[in-house]
Amino acid sequence: MELFLQQCVNALQWGSFYALIALGYTLVYGVLRLINFAHGDIFMVGAYIAFFVSTALLAPGLGLSREWTLALTIPLTMILTSLVGVTLERIAYRPLMRKGAHRLYVVVTALMCGLVLENGNLALLGASRKTLPQLLEKNVYDFGGIAVTNLKLWVIFAAALVFLVLHFVVTKTRIGMAMRAVSWDKFALPLMGIPLDSVIVFTFTLGSGVAGLGGMLFAMSYPVLEPYMGAMTGWKAFIAAVVGGIGDIRGAFVGGFLLAFVEIMVAAFLPSTFRDLFAFSILLLILWRRPTGIFGKPQTTKI
Amino acid sequence: MLRVTNLKAAYGKIEALHGISFHVEKGEIVTLIGANGAGKSTTLKALMRLPPPESAVVTAGDIEFDGVSILGVSAHNVVSDLKMTLVPEGRHIFGNLTVMENLQLAAWSRKDKGAAKDIDRIFDIFPRLAERAKQHSDTLSGGEQQMLAVGRALMTKCSVLLLDEPSMGLAPLIMYDMFRTLKKLNADGLTIVVVEQNARLALEVADRAYVLDTGEIIAEGPAGDLLQKPEIRAAYLGA
């Protein structure tokens with residue numbers, strides 16, 4: 001029982017990482033009907049940005065304390081990572097879509113952008129792995145035999161907070177209303193006097209910023225960074241978004257936590273080599289019963 | 001107010017408008033009539049400066065609004081700055097938003113504080129929308145959706161309203177109601193350009209009309225005169 005509860009805490013932590021990435025997939029898909037396959041690598045870029053920002057802030061020149069470094073690295077990482085995401089949209093996706101390219105070509109372009117980010121990182125920074133400086137004094141709390149670090153609690157808290165904020169933005173604000181409107185009908189948006197590009201840029205900003213936060217929290221939990229760290233995690237987060245019902249932010253969260261829960265439990269109670277086999281089989285079963293994901297609604301095409 | 005001169009527009013290599021000229025004066029109702037594929041919708045979308053691929057690219061000629069060329073203006077600025085908008089063919093309402101949200105969203109570019117008051121005004125014009133304010137708009141009937149599409153356009157506080165086939169798919173009674181409403185809005189100062197396949201209905205409410213045939217204007221004049229012309233009657237009114 002204790003082992004199970006301990007693993008639940010771990011699942012919540014991993015689920016938070018998946019959810020923070022899955023959100024970006026789902027937001028962009030909701031607005032553009034585009035799978036931004038570079039998004040996992042945006043997560044990786046976020047981890048590296050956190051590394052550079054925190055190292056610079058801690059360096060003797062500035063010499064900030066650890067607490068201040070942490071407090072400043074979070075917003076700076078989110079802002080800089082969202083700039084990377086918005087840049088991709090601006091230089092890679094927008095020109096293609098402007099020319100009326102089929103969505104498939106944009107998806108392939110996104111895949112290529114991801115590879116460019118991975119290998120560009122390798123070429124620029126070399127193969128030696130970077131280590132994120134420790135930004136948070138580690139405390140371990142003991143809840144009746146279950147060990148929980150303060151970092152894990154922060155990760156879970158951050159994911160929950162991000163969910164609440166995004167849910168509020170999408171359902172209650174005007175820009176969120178516009179995001180939902182675009183997902184239904186892109187054609188009519190300019191007729192309301194709303195610049196479509198602003199809505200798209202806002203969406204990429206949100207998605208990439210949240211992925212940047214995810215990258216930073218991941219790097220704090222597992223401080224060794226390498227250029228391909230976003231690839232597998234990104235794929236899994238994408239799958240989580242699809243299982244949850246892509247286009248729906250609740251789906252991204254539920255999907256992320258579900259995937260993490262299955263993975264962690266399989267690894268804990270069965271030979272850990274079965275992890276991906278079981279995890280993906282269960283997800284396949286879900287998609288077989290609910291092809292549009294847990295929260296997804298079947299799309300109807302208007303004639 | 002609106003002046004189109006020698007406008008040519010093409011979808012890719014296919015030219016859809018072969019140099020049309022027309023004008024709309026403040027306070028008028030002008031109708032463009034013509035058969036399927038004549039270029040009526042293309043003309044309206046060109047006026048709105050909508051981007052391709054949905055809209056054709058202007059290759060020659062000019063569109064002036066109050067004497068200034070608007071070829072370089074983007075669609076959302078046509079709405080926010082020139083105060084002209086379009087009720088598109090097929091309505092294109094945001095079905096995943098409630099009726100209320102559709103109306104609120106359309107007030108996006110307005111700088112004045114009168115949006116809430118205007119929603120009340122639209123509920124006065126279309127009481128059915130008030131009843132359904134909290135409903136997702138894809139649950140509305142065709143006629144109600146058309147009301148919402150017009151109401152939403154009015155929320156932009158437009159002074160020129162373009163309508164593309166507002167009668168499409170509507171039952172006759174609702175269709176007449178809609179045109180009566182348009183006439184009333186026009187009496188309150190709204191300039192209207194309406195594209196219609198139901199030529200008789202359009203000619204009955206319009207001040208002036210242009211007849212479009214395969215990308216060219218083949219007749220124009222006061223709507224009442226066109227209604228009497230034998231060749232127009234034969235080709236477009238089925239009489």
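Below, chain A is the first sequence line, B the second, and so on; all start at residue 1. Below, all heavy atoms of this structure are taken into account, side chains as well, without hydrogens, waters or symmetry copies.
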Discussion item. Within the 4.5 Å heavy-atom criterion, are B/W108 and A/P195 side-chain neighbours or not?
Written reply: yes

Nearest atoms (heavy-atom pairs only) where [X] meets [Y]:
{"X": "A/M177", "Y": "B/E101", "result": "SD-O, 3.5 Å"}
{"X": "B/A106", "Y": "A/M192", "result": "CB-SD, 3.5 Å"}
{"X": "A/L189", "Y": "B/L105", "result": "CD1-CD2, 4.4 Å"}
{"X": "A/A188", "Y": "B/R152", "result": "CB-NH2, 4.0 Å"}
{"X": "A/D185", "Y": "B/F94", "result": "O-CE2, 3.3 Å"}

Pick from [options]: which one has the most heavy-atom pairs with chain A under 4.5 Å?
{"options": "B/P53, B/S55, B/P88", "result": "B/P88"}
{"options": "B/N96, B/V79, B/L86", "result": "B/N96"}
{"options": "B/C158, B/G95, B/A153", "result": "B/G95"}

Under 6.0 Å from the [atom1] atom of [X], do we count more than 12 heavy atoms belonging to anything else shown?
{"X": "A/Y105", "atom1": "OH", "value": "no"}
{"X": "B/I14", "atom1": "CD1", "value": "no"}
{"X": "A/R174", "atom1": "CZ", "value": "yes"}
{"X": "B/K26", "atom1": "NZ", "value": "no"}

Worksheet item: Got a second to check how far B/H92's NE2 is from A/F187's CZ, nearest 0.5 Å?
Response: 5.0 Å

Discussion item. Assess the residue pair A/L191 and B/L50 against the criterion (side chain to side chain contact (heavy atoms under 4.5 Å, CB included)); give the C-alpha distance rounded to whole Å, side-chain angles, the decisive distance to 0.1 Å, and a yes or no.
Written reply: CA-CA 9 Å; A/L191 299 176; B/L50 285 165; 4.2 Å; yes

Worksheet item: Within the side chain of B/S80, is there an N or O that forms a donor-acceptor pair under 3.5 Å with the backbone of A/G193?
Response: no

Discussion item. Donor-acceptor pair, distance only, cut-off 3.5 Å: does the side chain of A/R180 make one with the backbone of B/L97?
Written reply: no

Using non-hydrogen atoms only, which part of [X] is less than 4.5 Å away from chain A: side chain, backbone, both, or neither?
{"X": "B/A107", "result": "backbone"}
{"X": "B/K45", "result": "side chain"}
{"X": "B/D81", "result": "neither"}

